[in-house]
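Step one of this worksheet: look at the structure below.
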Amino acid sequence: MIYADNASTTKMSITAINAMLPYFDNIYGNPSSLYAFGQEAKEALEDCRARVAACLNCEPREITFTSGGSEADNQAIISAARFGAKKGKKHIISTAFEHHAVLHTLKALEKEGFEITLLDVHTTGLVTPEQVRDAIRDDTCLVTIMFANNEIGTVEPIKEIAEVCREKKVVFHTDAVQAVGHVKVDVQEQNIDMLSISAHKFHGPKGVGVLYAKKGIPLTSVINGGAQERGKRAGTENIAGIAGMTAALEEACKNIDENAAKTIPLRDRLIAGLDKIPYGELNGTLEKRLPGNVNFCFEGIEGESLLLLLDDKGVCASSGSACTSGSLDPSHVLLAIGRPHEVAHGSLRLTINEEFTEKDIDYIIEAVTDVVTYLRNMSPFWRDLVNGARPHVFAK
Ligand SMILES: *Cc1c(COP(=O)(O)O)cnc(C)c1O
């Protein structure tokens, strides 16, 4: 099997697994307990907090552990919204292609009377600092723009966008779930006020993440209960998960350049191979792109059929199309970059990493080429395109 769906989740690293094990049997105490055994767990928790802070270049007290990226996104946005509303500021700026953890939180705030502006991401999948500057108003309380997109892998000019926000005194949050561990993230150097992370996207365990919030930004609890995490996130801490995440984060950050140097040529080989398929196109700019992301749209193809046939050939991939999740809508990300519905339904996302070989890449290229040809030969829609009854979307 070739697992080419690393944007969806990753295999845990051995280092991360080993870092978790002591907390299942030897050090299972509750960090909130007063006896020494609980204090051992508490020390481990604070050690992890300091190490995570060092990886992001912030202070330990600016780190809150959460149950993952979704919770961190929810808490960041709700906190900034409540903080803003106290000062009568109820306008939020984001983009049309955020993760649903962001978009659905914004929708909920809209129902409460917040006004949301979603910026255009163009055909490149990139937002500009100028767009952000133009959209900021006197009543803007938050700008939330993802660091890197989970479907098309485009990497936004976060430092420049955040600089505009800092100048305008507007809180800036970034969903950095796809970026951390894959491209350089430094909250001080990049002017970031709030940032979300998820461990399972960089070879850590599922169900654990981080919300970084610069000191001075008050957090609102979204999980109410005990006084863990300085009263900002109730619930007994997931120490094993936090230890696994910390080890995975340090490892990913240490090897970031080396991994990118291995992955980028493989990614580009895959893009070049898939580009030979007629009437298909890469989604999102090639220049500002995550090292492991490849995403194509093919005319005359249903994404789901493509995935199932690739699965038969031992390739795990993903499609932007959400039909499998019960909705007939194509990916909001592909629509946001201007892909028409019929093409957005025929998308394929392959997300690789440094462990891939050229042989794996060549196998994927061959498998995708075969499956696309096979599906097109059976498709009445494709026949219409070939005999001119329907216009092509792509030039070649
Ligand atoms: C995976 C992902 C999330 C959600 O993270 P979870 O830990 O799975 O809740 C949020 N944002 C982006 C961009 C993601 O890729």
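Just follow the structure's listing: the first ligand is 1, and inside any ligand the first atom is 1. For reference, positions follow the sequence shown, starting with 1. Bear in mind that the values here come from a model prediction, so they are computed numbers and not experimental data.
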* Decide if atom NZ of K288 counts as having more than 12 heavy atoms of other residues, nucleotides or ligands within a radius under 6.0 Å. => no
* To do: Give the residue and atom name of whichever protein heavy atom lies nearest to atom 6 (P) of ligand 1, and the separation in Å to one decimal.
  => G69 N, 3.5 Å
* Sidechain N-carboxylate O distance under 4.0 Å for E299, R376 -> no
* Decide, yes or no, whether a salt bridge links E358 with R269 under the criterion of side-chain N to carboxylate O below 4.0 Å. => yes
* Any idea which atoms of ligand 1 are less than 4.0 Å away from a heavy-atom of G68? -> 7 (O)
* Numbered atoms and elements of ligand 1 in range of D73, under 4.0 angstrom, heavy atoms -> 10 (C), 11 (N)
* Asked: Which one holds for M146 and ligand 1: side chain close, backbone close, both close, or neither close, with close meaning a heavy atom under 4.0 Å?
  -> side chain
* atom 7 (O) of ligand 1 [closest protein heavy-atom partner, distance rounded to 0.1 Å] -> S198 OG, 2.6 Å
* Asked: Can R133 and E167 be counted as an ion pair, charged N to O under 4.0 angstrom?
  -> yes
* Asked: Is there at least one pair of N or O atoms, one from H200 and one from ligand 1, spaced under 3.5 Å apart?
  -> yes
* Asked: Counting only heavy atoms, which portion of N149 has something under 4.0 Å from ligand 1: side chain, backbone, both, or neither?
  -> neither
* Asked: What residue and atom, counting heavy atoms only, is the protein's closest point to atom 1 (C) of ligand 1, and at what distance?
  -> K201 NZ, 1.5 Å
* Structure fact -> atom 11 (N) of ligand 1: closest protein heavy atom, distance to 0.1 Å, is D175 OD2, 2.6 Å
* **More than 12 heavy atoms of other groups within 6.0 Å of I14 CD1** => no
* How close does the nearest protein non-hydrogen atom get to atom 4 (C) of ligand 1, and which residue and atom is it? -> S70 OG, 3.5 Å
* Is the CG atom of D25 crowded by more than 12 outside heavy atoms at less than 6.0 Å? -> yes
* Report the nearest protein non-hydrogen atom to atom 3 (C) of ligand 1: residue, atom name, distance rounded to 0.1 Å. => H99 NE2, 3.5 Å
* Looking at ligand 1, does any of its N/O atoms fall within less than 3.5 Å of an N/O of A7? -> no
* Run the salt-bridge test on E163 and R166 with the 4.0 Å N-O cut-off and return the result as yes or no. => no
* Report yes if some heavy atom in the side chain of F298 is under 4.5 Å from a heavy atom in the side chain of F394; otherwise report no. => no
